[in-house]
Structures are given as structure tokens and as C-alpha cells.
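Working notes, structure below.
The structure presented is a predicted model; accordingly, all values stated were derived computationally and were not measured. Numbering of residues begins at 1 and proceeds along the displayed sequence.
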Amino acid sequence: MLTTNFSAMRSNLKKYCDLACEQNETIVVPCEEGKNVVLMSLDKYNQMMESIRNAKNPGTTDGGSAT
């Protein structure tokens, strides 16, 4: 996990997007009042969401009903 500030993110957006997509890196951008932003690849996000669905529905692997 990397952390960068907003100015660096704005100046190097392509670099950080490439890190997220090609190296599966997660980038945290601290914002005011602790309302931080996270940049990650869509694949990583989808995997995370699937894990959450599976945790909410034990016994399923696709978020659907168990067979």
C-alpha cells in the first residue's frame, strides 16, 4: 500500500493508475478531515466485493443461493 498527497496524485495520475492496474498496488490519498480516498484496480475492487458478499452469505461462492 502506498500513500501520496493530492498534489502528487494529480501530477502523476497515470503513474499511480499504472501502479494500481499493473502491479496491483493500492494507493491512499489523505484528504482534509480524515476523509481519505483509495485508488485500486477494478479487478482488485471486484475481488474485494466478492469476498464481502461471500462473507455475508457463507456456503456460496458467487453471492447467489447455495446449492
Side-chain angles (χ1 to χ4, degrees):
M1 184 179 323
L2 299 175
T3 302
T4 189
N5 62 46
F6 185 78
S7 295
M9 174 64 85
R10 183 178 54 228
S11 296
N12 299 290
L13 183 58
K14 182 181 181 330
K15 170 189 159 186
Y16 288 111
C17 288
D18 288 345
L19 284 170
C21 292
E22 295 171 7
Q23 297 182 22
N24 206 28
E25 192 65 71
T26 302
I27 297 99
V28 177
V29 184
C31 298
E32 293 181 15
E33 300 176 21
K35 297 179 180 179
N36 301 335
V37 174
V38 175
L39 175 69
M40 67 176 71
S41 71
L42 181 58
D43 286 341
K44 191 170 186 176
Y45 172 81
N46 287 336
Q47 290 171 357
M48 183 181 69
M49 295 307 293
E50 183 176 352
S51 294
I52 291 169
R53 282 191 299 274
N54 290 340
K56 288 182 179 179
N57 300 300
T60 62
T61 57
D62 62 359
S65 60
T67 54

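Considering NZ of K15 and OG1 of T4, their distance stands at 7.0 Å, rounded to 0.5 Å. How far CG of N24 is from CD of E22: 11.5 Å, rounded to the nearest 0.5 Å. Rounding to the nearest 0.5 angstrom, the gap separating the CG atom in D43 from the CE atom in M48 is 12.5 Å. Of the inter-residue distances, the one linking N46 atom CG with S51 atom OG reads 11.0 Å to the nearest 0.5 angstrom.
Of the possible polar contacts, one joining the E25 side chain to the M1 backbone as a donor-acceptor pair under 3.5 Å is found.
Across P30 and N36, no two heavy atoms sit closer than the pair CA-OD1, 3.1 Å. Closest non-hydrogen pair, S41 versus C21, comes out as CB-CA, 4.0 Å. C17 and L39 get closest at one heavy-atom pair: N-CD2, 4.1 Å.
Hydrophobic clustering (side-chain heavy atoms under 4.5 Å, transitive across Ile, Leu, Val, Met, Phe, Trp, Tyr) groups I52 together with L42. In this structure, L13 is a member of the same hydrophobic cluster as I27, with clusters built from ILVMFWY side-chain heavy atoms closer than 4.5 Å. There is a path of hydrophobic side-chain contacts, each under 4.5 Å, that joins L19 to F6.
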Exercise for review: Verify side-chain contact (heavy atoms from CB on, under 4.5 Å) between V37 and M9, making sure each step is shown before the conclusion.
Suggested key: CA-CA 11 Å; V37 174; M9 174 64 85; over 6 Å; no

